[in-house]
Amino acid sequence: MGKLIHLVHQSLDGYIEGPDGEFDWPAMGPQLSAYSRELTPEGTVFLYGRKVWELMSGFWPKAEQYSQDPHDLAFAPLWRAAPKVVVSRTLTTAGFNAQIISDNVAEQINGLKESGQDLVLFGGAELAAHLTAHRVIDEYHVVTHPVLLGGGRPTFPAASQRTELELVGTRSFDGRSTLLRHQLTPPAAGKA
């Protein structure tokens, strides 16, 4: 059985993007960059919602033309080679070794896990909320960066139910950011 990890970068005040949609604040130092590569060994499926996909597919295919940052140079070939799944009701094609899922999202992601696929969901608050409600995400890896954005898109939108988690690890990177790793707690007997 594979597993699904939700990897998300957030500000200290709990936002994944600023008030104007800005995502220019995460600092990918060498330790955090190495950690992101550890989470994505060959064969890992990269999972995206449409909004994050549009950002990623606009950058990573030609990252070397836009940046000489060591993280970007190391991650770009991994991104191009990785199998990808994009969840979207509006896209009909995605390119870049990606398939689109538009219906029965939780069931299809669970099917990939049951076939032994490991997946990493990058960002995507709406998709993460949907998958959380269906108990599809196995682990949450939340990287908090030292910035207060003062508003924007929250990392975790309001949920209709409680989701119990267990802290399984913490780590700091590059003297700047902090990781909290939580895993899904099995439901209590008699509860779904």
Side-chain angles (χ1 to χ4, degrees), residues 1-11 14-26 36 39-40 42-63 66 72 75-76 78-143 149 151-165 182-184 187 192:
M1 179 82 165
K3 69 179 176 180
L4 172 57
I5 293 172
H6 179 213
L7 173 64
V8 64
H9 297 269
Q10 73 170 22
S11 64
Y15 296 101
I16 58 172
E17 62 183 41
D20 296 317
E22 63 271 24
F23 189 70
D24 57 353
W25 43 269
S36 70
L39 285 180
T40 55
E42 186 175 334
T44 302
V45 176
F46 290 19
L47 178 61
Y48 299 104
R50 181 195 51 82
K51 293 173 187 173
V52 176
W53 171 253
E54 288 176 348
L55 293 171
M56 297 299 209
S57 64
F59 179 78
W60 289 113
K62 297 181 181 180
Y66 307 126
D72 296 346
F75 194 73
L78 296 173
W79 188 91
R80 288 190 290 264
K84 300 165 201 70
V85 171
V86 180
V87 176
S88 174
R89 292 186 284 295
T90 58
L91 294 177
T92 56
T93 61
F96 308 114
N97 197 24
Q99 67 172 339
I100 296 175
I101 293 176
S102 59
D103 299 320
N104 304 314
V105 173
E107 294 84 3
Q108 289 197 54
I109 300 301
N110 266 330
L112 289 170
K113 288 171 44 180
E114 289 169 4
S115 72
Q117 292 288 319
D118 286 327
L119 301 98
V120 175
L121 168 61
F122 292 92
E126 292 172 26
L127 177 56
H130 174 77
L131 296 174
T132 295
H134 289 87
R135 300 185 59 83
V136 178
I137 297 174
D138 300 292
E139 292 186 14
Y140 297 80
H141 294 218
V142 180
V143 179
L149 296 176
R153 182 183 300 268
T155 306
F156 296 101
S160 61
Q161 64 195 29
R162 182 189 336 213
T163 302
E164 297 290 339
L165 303 171
H182 290 86
Q183 69 183 18
L184 187 63

What is the distance from atom CZ of Phe46 to atom CG of Leu119, rounded to the nearest 0.5 Å?
10.5 Å
Distance in Å, Tyr140 OH paired with Leu4 CG, rounded so as to fall on 0.5 Å steps:
8.0 Å
So, taking the atom named CD in Glu17 and the one named NZ in Lys51, what distance separates them when rounded to the nearest 0.5 Å?
8.0 Å
Verdict with reasoning, Leu127 to Val105, per side-chain contact (heavy atoms from CB on, under 4.5 Å)
CA-CA 9 Å; Leu127 177 56; Val105 173; 4.0 Å; yes
Contacts of Ser88 that satisfy side chain to side chain donor-acceptor pair (under 3.5 Å) - sequence neighbours left out
Thr90
Contacts of type side-chain contact (heavy atoms from CB on, under 4.5 Å), residue Val52, not counting sequence neighbours
Tyr48, Met56
Can you give me the closest heavy-atom contact between Pro83 and Gly43, atom names plus distance?
CG-O, 4.0 Å
Distance-minimising heavy-atom pair for Thr155 and Ala125
O-CB, 3.7 Å
Using the test side-chain contact (heavy atoms from CB on, under 4.5 Å), find all partners of Glu42 that sit at least two apart in sequence or belong to another chain.
none
Those residues at least two apart in sequence (or on a different chain) that pass ring pair (Phe, Tyr, Trp, His ring centres under 6.0 Å) with His130 are His134
Name each donor-acceptor pair under 3.5 Å that joins a side chain in residues 92-101 to protein atoms two or more places apart or in another chain, with its distance.
unit_1	atom_1	unit_2	atom_2	d
Asn97	ND2	Ala81	O	3.2
Asn97	ND2	Ala82	O	3.1

His9 side chain to Val142 main-chain N or O, any donor-acceptor pair under 3.5 Å?
no
Residue that, paired with Glu139, satisfies side-chain hydrogen bond (donor to acceptor under 3.5 Å, both in side chains) out of His182, His6, Lys3
Lys3
Could you work out, with side-chain contact (heavy atoms from CB on, under 4.5 Å) as the rule, every residue matching Tyr66, not counting sequence neighbours?
Phe59, Lys62
For Arg89, what residues pass the side chain to side chain donor-acceptor pair (under 3.5 Å) criterion, not counting sequence neighbours?
none
side-chain contact (heavy atoms from CB on, under 4.5 Å) between Phe122 and Thr40, worked out
CA-CA 11 Å; Phe122 292 92; Thr40 55; 3.8 Å; yes
Over all atoms of both residues, closest heavy-atom pair of Arg80 and Ala63
NH1-N, 4.5 Å
Glu54: partners by salt bridge (Lys or Arg N to Asp or Glu O under 4.0 Å), with sequence neighbours left out:
Arg50
To the nearest 0.5 angstrom, please state how far the CH2 atom of Trp25 sits from the CD1 atom of Ile16.
8.0 Å
State which residues pass side-chain contact (heavy atoms from CB on, under 4.5 Å) with Thr163; sequence neighbours excluded, sorted by chain then number.
Thr132, Leu165, Leu184
Looking at every non-hydrogen atom in both residues, tell me the closest pair between Pro19 and Gly151 and how far apart they are.
CD-O, 3.3 Å
Can you name the side chain to side chain donor-acceptor pair (under 3.5 Å) partners of Thr44, sequence neighbours left out?
none
Could you pull out all residues at least two apart from Lys84 that satisfy salt bridge (Lys or Arg N to Asp or Glu O under 4.0 Å)?
none
Could you measure the distance from the CD atom of Gln183 to the CD1 atom of Ile5? Nearest 0.5 Å is fine.
10.5 Å
Any pair with a residue in residues 103-123 that passes side chain to side chain donor-acceptor pair (under 3.5 Å), sequence neighbours left out, goes on the list, sorted by first then second residue, please.
Lys113-Asp138
When rounded to the nearest 0.5 Å, the distance separating CH2 of Trp79 from OG of Ser57 is 6.0 Å
